[in-house]
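To start, the structure itself, in structure tokens.
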2 protein chains.
Amino acid sequence: MRMAELSRESGVPVATIKFYLREGLLPPGERTSPNQARYSQAHVRRLRLIRAMLDVGGLSLAQVTRVLAAVDSDELGQHDIFGVAQETVTQPGLDPDDDSESANAARERVRKLIADHGWLVPLDSPVVGALAKVVATIAELEPVLLEQIDDRADLIGRIADLDVSLLDGKSLEQQVEIVVAGTVLGDALMSAMRRVAQIDRSARRFGYSGDKASKHR
Amino acid sequence: MRMAELSRESGVPVATIKFYLREGLLPPGERTSPNQARYSQAHVRRLRLIRAMLDVGGLSLAQVTRVLAAVDSDELGQHDIFGVAQETVTQPGLDPDDDSESANAARERVRKLIADHGWLVPLDSPVVGALAKVVATIAELEPVLLEQIDDRADLIGRIADLDVSLLDGKSLEQQVEIVVAGTVLGDALMSAMRRVAQIDRSARRFGYSGDKASKHR
DNA sequence: CGTATTAGATAGCTACGCTATCCATAAGTC
DNA sequence: GACTTATGGATAGCGTAGCTATCTAATACG
């Protein structure tokens, strides 16, 4: 497959593909002569993955770069797969040097949450720091949201069960792909479904009107 | 409170506050003379809300602007609250003119999902379109993720129950604030908790090692 | 009265994610 | 083999987002 076809297949403009090649997001094609190359189905798939992470997952190019680098390096152990995918996606959490009252309160709340649920997670991991930051933000803005955090954690735990069960009987290579997609696109899927479900619950509680008139103009 | 103090209280630089004022994100202060103004605690809170939506929620300035406009307009009915918050946050979904096989398959899958769960949601609403887009993307990239979508939908539905139950006994004004924060920050909270829970489940399944040595370098 | 702030206007800046142009070589076409 | 088209690679530029900096005239404060 040559450049034009790769572009057509993937829906990504040629100039953009060249840009991704320069940035190392897309591996170079197989050389057929000093300055010609041939691309494969793997390139199409890689392009689709890039676009999915950018458009649907909402990642930055830099994050996509890191995720792909992790995918390509094959020195991952079973247990690290999630960590690697997550750490490249997780945004900076609570500053560890932040010793303010609210920061400590948030950290404590998260510590207790993890302990209460018996979660086996190092407290100094980036994901925990990120969670602490979210909790701190919510605590000072709309603390009611934290009232049922334990119930939420139970449900989320069961979602995580589903996530992990997906890996059953898969090769390590497949697992990497599933975890990456599951981490990035999984967030989008959960958010999108939650919104739909909220509309349903809200309609049941406050009354459903199928016509547009009731919608905000 | 004058500008300098507002800046100190909120942690937002003066230049940035002025920028937000220009953009209409922050309402003008109360005039004390033709070119002086005084700010209140409400301004501090508003600033914190803006920063939370930008930094934690990951919204764009334009989205924040729309959310705030909706918050400020008080012509919302009970049932519309979710819709308004969501529609300003929900990114463009599947193009309705897209008649490709994959797009139709995704739409059908979503339609069935909604029907199976008895959700009361207009199929042409933006949130459903957004969900269809996510489903379409996952379907062509990592379709295994869709295998347990019904189980996920059940759990998400129960999360939505929690979301809606938060509004019990709250004034309409409070409800608006809760829904806005719950929509934007709630996504961040769920994602962060899910990552932590995934680490736990993964550790249980594949073995936990508390030391850093097992982590990706 | 003098120094420090302020509101408001305008201009500039950095990062991101492309997009466009150029050129020399190679491929496809007759 | 001549000729048109496509390609790889390099370099430059562009549009948007989200601030940041500077300036000015008016006000506040001690």
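Here is the naming used below: chain letters follow the sequence lines, and residue numbers restart at 1 for every chain.
If you take NZ of A/Lys18 and C1' of D/dT11, they are 12 Å apart, rounded to a whole angstrom. Rounded to an integer number of Å, the gap from CD of B/Glu23 to P of C/dG8 is 15 Å. Taking atom CD1 on A/Ile50 and atom C1' on C/dC18, their separation rounds to 13 Å, with Å as the unit. Here the C1' atom of nucleotide D/dT11 and the CZ atom of A/Phe19 are 14 Å apart, to the nearest Å. Between the CD atom of A/Glu30 and the C1' atom of C/dA26 there is a distance of 17 Å, given to the nearest Å. Atoms CE (A/Met3) and P (C/dA26) sit 17 Å apart, rounded to a whole Å. Taking atom CZ of B/Arg38 as the reference point, atom C1' of D/dT27 lies 12 Å away to the nearest angstrom. Protein atom CD1 of A/Ile17 is 15 Å distant from nucleotide atom P of D/dA6, rounded to whole Å.
In the set D/dT7, D/dT27, D/dT20, D/dT20 carries the atom at the smallest distance from any side-chain atom of B/Pro13. Considering only the side chain of A/Asn35, C/dA26 comes nearest among C/dT6, D/dG9, C/dA26. Comparing D/dT20, C/dA26, C/dT6 by their nearest atom to the side chain of A/Gln36 picks out C/dA26. Taking every side-chain heavy atom of B/Arg2 into account, D/dC29 is the closest of C/dG28, D/dC29, C/dC18. Which of D/dT20, D/dT27, D/dG8 sits closest to the side chain of A/Ala37 comes down to D/dG8.
A salt bridge links A/Arg46 with A/Asp72: at least one charged nitrogen is closer than 4.0 Å to a carboxylate oxygen.
In this structure, CE in A/Met190 is found 6.0 Å from CG in A/Asp187, a value given to the nearest 0.5 Å.
OP1 or OP2 of C/dC18 lies within a sub-4.0 Å distance of a side-chain N or O belonging to A/Tyr20. In terms of phosphate contacts, A/Ser60 brings no side-chain nitrogen or oxygen within less than 4.0 Å of OP1 or OP2 of C/dC16. Side-chain N/O atoms of B/Thr32 include one lying less than 4.0 angstrom from OP1 or OP2 on D/dA28. Contact annotation: A/Thr16 does not reach the phosphate of C/dG17 (side-chain N/O to OP1 or OP2, under 4.0 Å). Dashed line: the shortest gap from a side-chain N or O of B/Tyr39 to OP1 or OP2 of C/dT5 is not under 4.0 Å.
Among the candidates B/Ile149, B/Ile159, B/Leu155, the single residue satisfying the side-chain contact (heavy atoms from CB on, under 4.5 Å) test with A/Met193 is B/Ile149.
A donor N or O paired with an acceptor N or O is found under 3.5 Å between the base of D/dT20 and the side-chain atoms of B/Arg22. For A/Arg31 against D/dT7, no side-chain N or O and base N or O form a donor-acceptor pair under 3.5 Å.
A/Ala15 comes within 4.0 angstrom of a nucleotide base, judged by non-hydrogen atoms across all strands. Across all strands shown, B/Leu21 has no heavy atoms under 4.0 Å from either base or sugar-phosphate atoms.
Ranked by how close their nearest DNA chain D nucleotide is to the 5' end, B/Leu61 and B/Ser33 are led by B/Leu61. Residue-to-nucleotide proximity on DNA chain D shows that, of B/Pro34 and B/Leu59, the 5′-proximal contact is made by B/Leu59.
More than 12 heavy atoms of other residues, nucleotides or ligands shown are found within 6.0 angstrom of CD on A/Glu140. In this structure, B/Glu108 places its CD atom where more than 12 heavy-atom neighbours from other residues, nucleotides or ligands lie under 6.0 Å away.
The backbone N or O of A/Lys170 sits less than 3.5 Å from a side-chain atom of A/Gln175, completing a donor-acceptor pair.
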